[in-house]
J.: 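Please see the structure below; I have some questions.
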Amino acid sequence: MLSLSVSKLLTLTRYAFSFSSIPNFLPIASSNTFLLSFSSHSRFNSNHINNVDDAVSSFHRMLCINPTPSIVQFTKILGSLVKMNHYRTAISLSHHLEFNGIKPDIVTFSILINCYCHLGQMNFSFSILGKILKMGFQEDTITLNTLMKGLCLNNKVREALHFHDHVVAKGFQLNQVSYGTLINGLCKMGETQPALQLLRRIDGKLANADVVMYSTIIDSLCKDKSINYAYELYVEMIAKRISPNVITFNNLIYGFCIVGQLKEAFGLFREMVLKNVNPDVYTFNILVDALSKEGKVKEAMNVLAMMIKDGVKPDVVTYGALMDGYCLVNQVNKAINIFNTMVHKGVVPSVWCYNIIINGLCKNKMVDEATNFFKEMHNKMIVPDVVTYSTLIDGLFKSRKISYAWELVDEMHLIGLQVDVITYNSLLHALCKKNHLDQAIALVMKMKDQDIQPNMFTYNILIDGLCKGGRLKNAQVIFQELLSKGYHLTVWTYNAMINGLCQEGLFDEALALLSRMEDSGCIPDVVSYETIVNYLFQKGERDKAKNLLREMIVKGLL
DNA sequence: GTAGGGTTAG
């Protein structure tokens with residue numbers, strides 16, 4: 001329940017401008033040249049500002065002008081800082097406004113609300129709403145929408161909905177942006193159906209459904225792999241004369257790609273072109289990525305050529321997807337060529353790109369080269385993230401460079417990078433491989449202590465390790481626990497157990513598990529059967545082995 | 001001068 005009375009909001013106001021971290025910006029003395037340049041809207045016009053330092057220095061110069069420029073001019077700079085995601089800077093500059101007696105207006109306040117929202121400080125956002133009322137301004141739809149967006153951004157969709165009810169009850173008229181925001185909030189927390197219900201409820205009453213609302217829900221359905229349902233909504237919106245735009249098409253194309261229906265994805269691509277909706281860099285990136293993920297690098301390169309021909313500039317995502325494709329088909333050198341081409345074309349490689357290359361190199365056992373790329377990141381001041389470290393650590397372990405791997409684990413801690421479940425799984429794998437099973441068990445305990453929930457990979461690695469290390473009993477305990485807790489066991493889990501049972505000569509138990517896994521909806525694969533067959537042959541149980549081979553043939557596994 | 005939707009890695 002949201003308790004947002006105006007008086008409560010007003011009490012929050014006092015927190016609003018009590019920041020102590022005001023940077024000590026040195027205003028640069030104004031000069032005639034500055035006045036000229038300012039009045040002629042040249043380099044101090046905020047429309048041209050695209051870096052933080054320029055924005056800040058322009059702001060301070062403006063503070064020195066007499067007469068003081070209007071709040072609109074200052075607000076423009078704050079807006080440009082927000083566009084660059086420099087929320088803290090915008091907030092501290094707004095403090096300077098106050099110190100200089102320049103009164104913010106409703107637009108300035110909306111921008112500040114947005115800043116606090118992005119910093120996760122919703123209390124400050126609401127205290128600004130209180131301040132707006134206290135200063136005699138009227139909050140407008142944009143103010144309210146910004147607040148609702150902020151609540152959604154901070155995982156408070158329920159509060160956003162309550163806030164909506166609250167302001168509507170007070171007689172406010174909200175608009176399409178308001179409902180687009182709420183629908184997106186619901187979708188992002190996985191509540192696609194409620195989002196669709198909201199659309200149905202408001203449509204034609206509180207606001208008309210529009211292309212953004214439909215596209216948002218279509219996107220959510222696509223990501224849930226409900227592509228048919230998504231397509232139905234696409235048909236529905238057209239029937240309602242709401243024209244799909246490039247984002248609608250991109251969402252659908254992405255949806256078809258992730259369910260492997262590339263033919264349909266390209267069909268939609270043609271459809272959008274026919275409808276005069278121009279594909280953009282997202283469209284091409286989605287297609288390049290989908291082809292790359294299927295190992296169809298040649299086709300992906302054709303799409304690259306197509307986009308260039310269409311005048312759409314490939315970006316870091318395009319190149320990243322291509323590099324990933326080449327890595328997948330074990331052509332890391334070509335991936336590196338793409339990397340170099342990208343740099344040559346002036347596209348700055350992101351952490352993501354380095355991670356792709358490092359992963360490709362590690363998978364191809366070229367760990368030294370991977371390490372070189374890792375070092376290059378430092379030289380280029382690109383900060384490695386958890387993925388970079390995890391990838392390289394995994395590669396190092398698998399290449400038996402154990403001590404360097406552990407060094408990197410320490411380094412992660414040192415620079416304050418939180419080790420996550422995937423990193424832990426690599427460590428676990430390494431410990432199991434070395435048969436350090438007690439340490440492996442201790443590591444899983446440590447994960448839980450740190451509130452990092454083990455996933456099925458964790459358990460699969462541990463169970464496999466325990467079985468192979470001759471500790472079947474331990475493995476069985478964990479296996480039973482997973483079953484009783486209702487975990488969705490994978491074929492890997494069963495295969496690890498089957499292997500453990502066979503190793504101890506417990507064939508009947510292994511066979512029982514084989515049928516039990518099928519009963520619980522986990523289809524045995526070649527490995528499940530092969531494991532048992534191999535052990536049976538080893539023990540001279542030829543008849544049993546042959547029976548099982550026949551079963552494999554019947555099931556089409558041979 | 002301020003508010004809603006979309007693509008890449010372990």
Side-chain angles (χ1 to χ4, degrees), chain A residues 46-47 70-80 82-83 90 104-115 117 140-150 152 174-185 187-188 195 207 210-220 222-223 245-255 257-258 280-290 292-293 315-325 327-328 350-360 362-363 385-395 420-423 425-426 457:
Chain A
S46 57
N47 295 332
S70 82
I71 182 63
V72 175
Q73 301 304 329
F74 289 104
T75 306
K76 274 185 185 175
I77 295 186
L78 298 183
S80 68
V82 168
K83 284 208 174 66
D105 67 5
I106 189 71
V107 178
T108 326
F109 282 130
S110 289
I111 290 176
L112 289 174
I113 287 177
N114 189 23
C115 289
C117 288
D140 61 12
T141 320
I142 296 181
T143 326
L144 300 176
N145 287 348
T146 310
L147 281 164
M148 287 198 287
K149 169 79 181 168
C152 292
L174 294 173
N175 62 13
Q176 290 175 313
V177 177
S178 326
Y179 292 102
T181 306
L182 292 174
I183 286 171
N184 184 45
C187 285
K188 291 297 174 295
D210 67 7
V211 60
V212 175
M213 301 177 202
Y214 270 101
S215 303
T216 306
I217 298 173
I218 286 173
D219 175 60
S220 200
C222 285
K223 286 181 177 142
N245 61 19
V246 60
I247 298 183
T248 324
F249 280 108
N250 289 347
N251 295 347
L252 281 166
I253 290 173
Y254 181 77
C257 285
I258 59 170
D280 64 4
V281 67
Y282 283 78
T283 324
F284 288 109
N285 287 350
I286 291 164
L287 294 171
V288 167
D289 177 59
S292 291
K293 284 201 166 75
D315 65 5
V316 68
V317 178
T318 327
Y319 292 115
L322 282 168
M323 292 187 303
D324 203 33
C327 288
L328 187 74
S350 58
V351 184
W352 209 296
C353 295
Y354 276 96
N355 293 351
I356 291 167
I357 295 287
I358 289 173
N359 181 43
C362 287
K363 289 282 177 304
D385 63 10
V386 191
V387 180
T388 325
Y389 276 98
S390 302
T391 310
L392 192 54
I393 287 169
D394 193 62
D420 68 9
V421 61
I422 301 179
T423 329
N425 288 347
S426 289
F457 284 94

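Numbered from 1 within each chain, the chains take letters A, B, ... in sequence-line order. Please read all numbers here as calculations on a predicted model, not as lab measurements.
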J.: Is it the case that B:dG5 (base atoms only) and A:T216 (side chain only) share a donor and an acceptor within less than 3.5 Å, ignoring hydrogens and angles?
T.: no
J.: Using the six-membered base ring of B:dT7, report whether A:Y254 stacks on it, requiring centroids under 5.5 Å and planes under 30° apart.
T.: no
J.: Would you kindly give the CZ-to-C1' distance between A:F109 and B:dA3, to the nearest whole Å?
T.: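 About 17 Å, once rounded to whole Å.
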J.: Could you tell me whether the side chain of A:S215 has a donor or acceptor atom within less than 3.5 Å of a complementary atom in the base of B:dG5?
T.: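 Present.
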J.: Side-chain N or O of A:K293 less than 4.0 angstrom from OP1 or OP2 on B:dA9?
T.: yes
J.: Scan A:D315 against the nucleic acid and name what it touches under 4.0 Å (heavy atoms): base, sugar-phosphate only, or nothing.
T.: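 No contact at all - A:D315 keeps every heavy atom at 4.0 Å or more from the nucleic acid.
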J.: Nearest to the side chain of A:T248, which nucleotide is it out of B:dG10, B:dG5, B:dG1?
T.: B:dG5
J.: Report yes or no: is there a donor-acceptor pair, N or O only, under 3.5 Å between the side chain of A:N245 and the base of B:dG5?
T.: yes
J.: Given side chains that start at C-beta, do those of A:D420 and A:S390 come closer than 4.5 Å, heavy atoms only?
T.: yes
J.: Do the side chain of A:N251 and the main chain of A:S215 share a donor and acceptor less than 3.5 angstrom apart?
T.: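 It does hold such a pair.
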J.: Roughly how many Å is it from CD1 in A:I217 to C1' in B:dG5, rounded to a whole number?
T.: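 After rounding, the gap between these two atoms is 10 Å.
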J.: Regarding A:G180, tell me which of base, sugar-phosphate or nothing describes its non-hydrogen contacts under 4.0 Å with the strands shown.
T.: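 Contact class for A:G180: base.
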J.: In whole angstrom, give the distance that lies between atom CD1 of A:I253 and atom P of B:dG5.
T.: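 Rounded to the whole Å, the gap is 20 Å.
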J.: Nearest-Å distance, CD1 (A:I258) to P (B:dA9)?
T.: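 It is 12 Å, rounded to the nearest whole Å.
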J.: Assign A:V288 to base, sugar-phosphate, or nothing according to its heavy-atom contacts below 4.0 angstrom with the strands shown.
T.: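 Answer is nothing: A:V288 stays at 4.0 Å or more from every strand.
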J.: Round to the nearest Å and state the distance from A:L112 atom CG to B:dG1 atom C1'.
T.: 12 Å
J.: Would you indicate which nucleotide in B:dG4, B:dG1, B:dT2 comes nearest to any side-chain atom of A:K149?
T.: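 Nearest to the side-chain atoms of A:K149, counting from C-beta on, is B:dG4.
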J.: Rounded to the Å, how far apart are A:L287 CG and B:dT8 P?
T.: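 Whole-Å distance recorded here is 12 Å.
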J.: Please work out if A:T75 contacts a base, only the sugar-phosphate, or nothing of the nucleic acid, heavy-atom cut-off 4.0 Å.
T.: base
J.: Could you work out which one of B:dT8, B:dG4, B:dG1 sits closest to the side chain of A:M213?
T.: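 So the nucleotide nearest the side chain must be B:dG4.
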J.: Do you know which of A:T181, A:N175, A:N114 makes side chain to side chain donor-acceptor pair (under 3.5 Å) with A:N145?
T.: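 Passing option: A:N175.
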J.: Out of B:dT2, B:dG4, B:dT7, which has the shortest distance to the side chain of A:K223?
T.: B:dT7
J.: Would you say a side-chain N or O of A:K83 is under 4.0 Å from OP1 or OP2 of B:dT2?
T.: yes
J.: Does one side chain, of A:D140 or A:T143, offer a donor that lies under 3.5 Å from an acceptor on the other?
T.: yes
J.: Could you tell me whether A:V82 contacts a base, only the sugar-phosphate backbone, or nothing, with contacts defined as non-hydrogen atoms closer than 4.0 Å?
T.: nothing
J.: So, OP1 or OP2 of B:dT2: does either fall under 4.0 Å of a side-chain N or O from A:N114?
T.: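 No, because none of the side-chain N or O atoms of A:N114 sits under 4.0 Å from OP1 or OP2 of B:dT2.
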J.: Using atom CG of A:N425 as one end and atom P of B:dG10 as the other, report the distance to the nearest whole Å.
T.: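 From A:N425 CG to B:dG10 P: 14 Å.
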J.: In chain order, what residues pass the salt bridge (Lys or Arg N to Asp or Glu O under 4.0 Å) check against A:K83, with sequence neighbours excluded?
T.: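 Listed in chain order: nothing, the list is empty.
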J.: In terms of side-chain heavy atoms of A:I422, which of B:dT8, B:dG4, B:dG10 is nearest?
T.: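 Out of B:dT8, B:dG4, B:dG10, the nucleotide with an atom closest to A:I422's side chain is B:dG10.
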J.: Determine the contact category for A:D394: base if any of its heavy atoms lies under 4.0 Å from a base atom, sugar-phosphate if only primed atoms, P, OP1 or OP2 are that close, otherwise nothing.
T.: nothing
J.: Taking any heavy-atom pair under 4.0 Å as a contact, classify A:T423: base, sugar-phosphate, or nothing.
T.: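 The residue A:T423 makes base contact.
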J.: Among B:dG5, B:dG1, B:dG10, which nucleotide has an atom closest to any side-chain atom of A:S390?
T.: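 It is B:dG10.
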J.: Among B:dA3, B:dT8, B:dG10, which nucleotide has an atom closest to any side-chain atom of A:I142?
T.: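 The closest nucleotide is B:dA3.
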J.: From the set B:dA3, B:dG10, B:dT7, return the single nucleotide nearest to any side-chain atom of A:I286.
T.: B:dT7
J.: Donor-acceptor pair, A:S80 side chain versus A:I77 backbone, under 3.5 Å?
T.: yes
J.: Can you sort out the partners of A:S426 under side-chain hydrogen bond (donor to acceptor under 3.5 Å, both in side chains), two or more places apart, ordered by chain and number?
T.: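 Per chain and number, A:S426 pairs via side-chain hydrogen bond (donor to acceptor under 3.5 Å, both in side chains) with A:D394.
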J.: In whole Å, what is the span from the CD atom of A:Q176 to the P atom of B:dG5?
T.: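 For the pair A:Q176 CD and B:dG5 P, the rounded distance is 14 Å.
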J.: Which listed nucleotide (B:dT7, B:dG1, B:dA9) is nearest to the side chain of A:D105?
T.: B:dG1
J.: Which listed nucleotide (B:dT8, B:dG10, B:dA3) is nearest to the side chain of A:N175?
T.: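 So the side chain of A:N175 is nearest to B:dA3.
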J.: What nucleic acid atoms does A:T143 come within less than 4.0 Å of, heavy atoms only: base, sugar-phosphate, or nothing?
T.: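 No contact.
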